[in-house]
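Comments concern the structure below.
All chains are named by letter (A, B, ...) in the order of the sequence lines, taking the proteins before the strands, and each is independently numbered beginning at 1.
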There are 2 protein chains.
Amino acid sequence: MVDPSAVARVLKAAQELGYRLDPVAASLRTGRSKLVGILVPDIATSVFTPILTGATERLSARGYSTLVAYVGGAPEQQLDIAGGLIARRVDGLIIATASRHDPLVSFCVEQKLPAVLVNRAEKEARISAVVSDDIQGMQLAVDHLVDLGHTDIGHLAGPPEHSTGFLRRQGFAQGLAARGLDPLKAPCEVAGNYTREQGAESMRRLIDARPDITGIVAANDLLALGAYDALQERHMNCPRDISIVGHNDMPLVDLVHPALTTVRISHREMGLQAADLLQQAMEDNDQLIRNIVLPPKLIVRASTAAPRTTLAKRAASSSRKADRR
Amino acid sequence: MVDPSAVARVLKAAQELGYRLDPVAASLRTGRSKLVGILVPDIATSVFTPILTGATERLSARGYSTLVAYVGGAPEQQLDIAGGLIARRVDGLIIATASRHDPLVSFCVEQKLPAVLVNRAEKEARISAVVSDDIQGMQLAVDHLVDLGHTDIGHLAGPPEHSTGFLRRQGFAQGLAARGLDPLKAPCEVAGNYTREQGAESMRRLIDARPDITGIVAANDLLALGAYDALQERHMNCPRDISIVGHNDMPLVDLVHPALTTVRISHREMGLQAADLLQQAMEDNDQLIRNIVLPPKLIVRASTAAPRTTLAKRAASSSRKADRR
DNA sequence: CAAACCTCTACAATCGTTTGTAAAAAATCA
DNA sequence: TGATTTTTTACAAACGATTGTAGAGGTTTG
């Protein structure tokens, strides 16, 4: 349309004057901002950092900046915090803090504000979400222990108000049932939050209640590491006395002693996918609700082994075989 | 001044209508934004997450929101990225990505944009900074090894373009000299970045070059953990064959095997202090350059022990004593 | 009582874009 | 060519606060 040399001249002049479009003014006029708000419970957890990295990376490649808000220990403030982001005209929200029925989600639905859940989903799918297949992850863990010969398996559960805690507990039960074990007889201790301390506390209770347990599936690596602490207190050995499976495969769990067998989740990938989903919702005004469920993977390390009873049996049977020869 | 009941009525009405001051409009008019930009190299490192948490926590308590930008692998883009933040009218910058002479700092000084360095300082103090006492931290580490009886001590150094890598190497040398050991004779391998892989690589080279080494001071925990990997490859044992001291006391290094002796830095505290400093610079228009240096602390765990030569000597001397009795 | 001064209220300009509209110019058609 | 339609250009309104200013109203003082 316009003389291209003129375009070039204008662009050059703009460059020389250091002219940049003012995003604040543009935002005021349009109501949009090229900003995305991300709500995380707390950054320190190694679960949320890769989610953040992934989401931020993808969004910034698409020209969006991120406004990260830490909801921290104040879930009741979450709506206010989100309100602050919305006042700043964020174009969309990535929510990593959702409870199984979250008022913030209701709010987003009402206001038609594009939003995507990540890591934790709601009970019913009102907006798109990217999660790991928590049920399948636990089944992998249970299968692994059962394959090793364990029959007395306990669960260190996470907070039931989050989908991760809830679904993993459910997956644990399903996994047992699928292998012919009775989930109702399996001991389960519910931790209030995902910390090493809570893991240790739950583990102590579990051992006291059911000393016959030989295998533990934890809802989270930190809980599993807490279980390590509890075992050490009682001078018990993992995996000789009790096998432990974690969940998340967070950094360094391959270096702890014993190296932790765990279920790997690609949190980074969750962040990337959430960013993609949100971008679609923001730009194509695409109201489709999508549920992306990423497949977990069992990583076998040194914290799981056959229970001593099975080892004894094997020894016995192999010696019988030897006798027959 | 005004009838207080009228004030109450107006406030109530505002509340009912859901009126909130529009930060975007205010920002356009005033040029201020109640936003602070934070530049981090990458979020995944356990060094920067607590800094971020600390800074964000303090700032949000003061009514500021944070705009976090990951400079990642693109230091040459740093100025552009910062430009984006400035276009958004950030009131100040917290810079965790500074090299020892950083163009972004020059820019902030010229533009009189309040900014604070954190974790990494510049060579010359042009703006305020909050850092750990890297020199002293290394001296603690060296002292510890020398006290145990080590005389052949090597250093796994970090990137020299960052103050942490540079100063820790310097602190290592000073620490040796203070104990009468010759720093020039001490082997040192410089890692290109703070990763486990680089740590392993450096450690391999160091062992090959100087098999007589009995103690290692690493500039960072990840490098130390990489050294663990290298030792394992060669079937060497820590601390029996070689003692290792890390730096940072990042989460879980107490659980690795052997539990890592390391120099604890309160990164969270650095974040808090940086936030305070920045707030002063922003609000009091306080141009004072302050340098906050936090004291590090040695945390002794299981990765350090007396070298075998010393143990042998002690055994000999104690048996002599026994003879005399 | 008028002049000078101070206080308060109300209004308009401003920040820098985007976007709708009106006018002008160009193009199409009878 | 004149009427009609389309395209281009130019301009102004709007976003929602902040802030300076002019004028109204009140108070003090010679």
Base of C/dT17 paired with side chain of A/R29 (donor-acceptor, under 3.5 Å): no

Phosphate-side-chain proximity, B/R32 and D/dT19, N/O vs OP1/OP2 below 4.0 Å: yes

Please set out all donor-acceptor pairs under 3.5 angstrom arising from side-chain atoms of residues 110-119 of chain B, sequence neighbours excluded.
none

Test: B/R58 and B/D276 ion pair at under 4.0 Å: yes

Whole angstrom value for the distance that separates P of D/dA17 from CG of A/L28: 9 Å

Atom-to-atom span, CZ of B/R20 to P of D/dC15 - whole angstrom: 20 Å

Heavy-atom pair of closest approach, residues A/I127 and A/V109: CG2-CG2, 3.8 Å

B/T30 side chain, from C-beta outward: closest of C/dT18, D/dT18, D/dG16: D/dT18

Protein-nucleotide distance (A/Y19, atom OH; C/dG16, atom C1'), rounded to Å: 7 Å

N-O pairing of B/E283 and B/R62 below 4.0 Å: no

Whole-Å gap separating C1' (D/dA17) and CZ (A/R88): 14 Å

Euclidean distance, atom CG of residue A/D22 to atom P of C/dT18 [Å, nearest integer]: 10 Å

Euclidean distance, atom CZ of residue B/R89 to atom C1' of D/dA17 [Å, nearest integer]: 13 Å

